[in-house]
Engineer: 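Would you mind keeping the following structure in view while I ask a few things?
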Amino acid sequence: MAAPQDSVDFARANQSHADIRDAVRDLCTRFPDSYWRESDRQREYPEAFVKALTDAGWLAALIPEQYGGSGLGITEASIILEEIQRAGGNGGACHAQMYTMGTVLRHGSAAQKAHYLPRIASGELRLQAFGVTEPGSGTDTTSLKTTAVRKGDRYVVNGQKVFTSRVQHSDLMLLLARTTPRDQVQKKSQGLSVFLVELGDAYDKGFSVTPIDTLMNHETNQVFFDEFEIPAASLIGEEGKGFRYILDGMNAERILIAAECIGDGYWFTERATRYAGERVIFDRPIGQNQGVQFPIARAYCNVRAADLMRYEAARLFDAGEACGEEANMAKMLAADASWEAANACVQTHGGYGFAREFDIERKFRETRLYQVAPVSTNLILSYIGEHVLGLPRSY
Amino acid sequence: MKVLVGVKRVLDAYVKARVKPDGSGVVTDNVKMSMNPFDEIAVEQALRFKEAGQVEEIVAVSIGPAKSEETIRTALAMGADRGILVEADAEIEPLAVAKVFKALVEKEQPELVLLGKQAIDDDCNQTGQMLAALLGWAQGTFISKIELGDGNVTVTREVDGGLERAQIKTPAVVTVDLRLNEPRYASLPNIMKAKKKPVDKTTPAELGVDATPRITTLEVQEPPPRAAGVKVASVAELVDKLRNEARVIG
């Protein structure tokens with residue numbers, strides 16, 4: 001297949017995009033399927049891969065040059081993550097290092113930016129954990145129960161988070177907590193604040209983590225705060241405006257996750273196509289059967305279509321224009337397309353689709369996540385229904 | 001010290017080469033092209049010398065079509081300082097390449113020329129040796145280890161039957177083998193910086209080199225398809241076949 005080599009990054013018209021693709025592909029060739037298979041089997045963090053990606057500067061793509069990053073746009077960042085997935089890897093181990101810092105960049109003080117961003121850019125500090133979701137509030141974020149109460153020059157945090165990913169491989173965590181009780185604010189989106197929490201010695205001070213074993217090799221956790229004190233200087237921006245700050249980062253995340261799904265989608269269709277062309281049953285390649293060929297072709301169409309929406313969302317984002325609609329649609333279409341491609345790929349491989357050594361089952365498990373995280377498909381549909389089409393709020 | 005490094009644009013090592021329908025060569029249109037892997041090793045070695053403070057400037061040279069600039073950019077993204085593109089659209093043979101390098105050496109005055117031992121497209125393995133002869137310089141070929149000394153360079157050569165260590169005087173031409181190092185991948189900051197690094201363009205004619213080919217390719221053929229294997233019933237039968245049919249054991 002010649003076309004998906006460059007997806008819809010039209011004819012590599014943009015040489016710097018082509019350079020990014022080539023360089024990321026080159027790095028990824030050093031981490032072949034066997035590397036990912038083994039880290040999945042051992043449930044190990046892919047440390048060597050993350051280190052290589054960090055050392056080569058890829059995770060600092062979005063950090064401005066003045067803070068030691070490369071100052072690239074979301075389009076370029078999305079290409080980086082797409083290529084990792086397309087090479088058979090799993091960017092979920094470190095993608096948040098790219099964009100979590102956005103909240104600090106946009107809303108942090110000059111001192112916070114000068115102190116943290118260069119260290120995040122170099123990889124000295126990892127900021128790839130974001131404590132938002134709680135057992136009692138998933139999608140309904142503003143109902144969260146974790147509190148941060150100001151006491152002199154400190155805040156005291158109490159509460160619990162769940163599905164906090166990569167926190168064991170983070171030096172910093174972004175935390176959303178309620179600083180003003182819900183009954184004292186007019187709207188429930190008020191009174192929430194964002195903190196940048198240093199985790200170095202937190203484990204001795206009332207901060208604890210319990211890992212959650214999941215379907216795939218994705219480090220995620222329950223996090224507990226018990227009279228956990230943090231400096232007041234950890235507050236990002238103004239107290240009480242935290243919810244708005246985190247919303248700002250959501251579009252970037254959706255576009256980047258969409259790109260990861262696109263990368264997965266191409267990986268699945270490429271694998272399925274190759275196998276369908278090679279596997280001979282009844283004296284002919286199985287790909288000659290329309291029952292095998294059409295699902296792959298259809299999945300490919302949908303990956304390409306989602307890819308267009310991803311580029312459109314990224315273009316708007318990089319131009320500083322509103323892109324909530326496009327970013328949400330790109331994420332949903334891409335996650336659906338990668339899941340469809342994953343199914344077609346398993347079906348094409350028959351029994352081998354379930355055999356670990358073929359890697360299909362691993363990628364199948366990994367891409368399933370994106371129907372749910374970081375935002376579920378239903379919430380995207382609710383957003384489109386309410387905010388784009390003007391239908392009544394459904395929840 | 002200044003080092004000149006040769007970087008050739010070749011068919012990517014992982015692409016399956018296909019012969020053109022008219023048998024005149026190998027298809028290179030719309031096929032992934034990359035830096036010759038041996039040349040990558042040469043670039044990496046130059047970078048290591050620079051990081052060790054033994055080399056001040058690394059100049060990457062490519063001779064070939066205009067697209068060879070991409071290969072130079074790759075070398076610049078790895079960390080080379082500047083590039084020279086010698087544009088030549090026709091096929092260019094090792095002797096002409098060596099003459100072009102000689103002209104550039106006279107202009108640039110490097111003390112070391114690092115080249116891949118051969119390019120993986122034509123497998124000629126001639127340029128380094130010819131260049132050393134044309135310059136009257138010392139040469140170290142097929143090297144798997146290299147140390148820069150004062151006015152000399154110590155190389156370990158991979159030869160049949162073992163390793164040979166030799167000390168040669170500088171200036172010198174050194175061609176590198178596979179086991180010398182593992183080339184780094186380009187980093188994002190270096191890719192960004194590479195865009196601003198200068199690449200000078202010239203031609204063989206401007207350098208006073210007649211690059212007209214002296215060899216005519218008559219035909220390029222696909223290797224014969226692999227024949228199906230046979231199953232043997234026993235070790236004895238296997239040994240018999242190896243001895244009497246394949247004649248690979250006595």
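Only this structure's heavy atoms are used, side chains among them; waters, hydrogens and symmetry mates stay out. Proteins come first, then strands; the chains are lettered A, B, ... in the order of their sequence lines, and each starts at number 1.
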Engineer: For B:Lys2, is the NZ atom crowded, meaning more than 12 foreign heavy atoms sit under 6.0 Å from it?
Structural biologist: yes
Engineer: Based on non-hydrogen pairs under 4.5 Å, which of A:Asp26, A:Leu27, A:Val24 is most in contact with chain B?
Structural biologist: A:Leu27
Engineer: With a 4.5 angstrom heavy-atom cut-off, could you sort out which part of A:Ser16 is near chain B: side chain, backbone, both or neither?
Structural biologist: both
Engineer: Mind telling me whether A:His95 and A:Tyr99 have parallel, tilted or perpendicular rings, with 30° and 60° as the class edges?
Structural biologist: tilted
Engineer: What part of B:Arg73 gets within 4.5 angstrom of chain A, counting heavy atoms only: side chain, backbone, both, or neither?
Structural biologist: neither
Engineer: For the side chain of A:Glu82 and the backbone of A:Gly263, is there at least one donor-acceptor N/O pair under 3.5 Å apart?
Structural biologist: no
Engineer: With distance as the sole test, does A:Gln128 use its side chain to make a donor-acceptor pair with the main-chain N or O of A:His169 at under 3.5 Å?
Structural biologist: yes
Engineer: Sort out for me which of A:Ser70, A:Ala23, A:Ala60, A:Gly57 touches chain B most, counting heavy-atom pairs under 4.5 Å.
Structural biologist: A:Ser70
Engineer: Report the relative orientation of the aromatic rings in A:Tyr300 and A:Tyr266; use parallel for angles under 30°, tilted for 30 to 60°, perpendicular for over 60°.
Structural biologist: tilted
Engineer: By a 4.5 Å heavy-atom criterion (distance strictly below it), what part of A:Leu72 contacts chain B: side chain, backbone, both, or neither?
Structural biologist: side chain
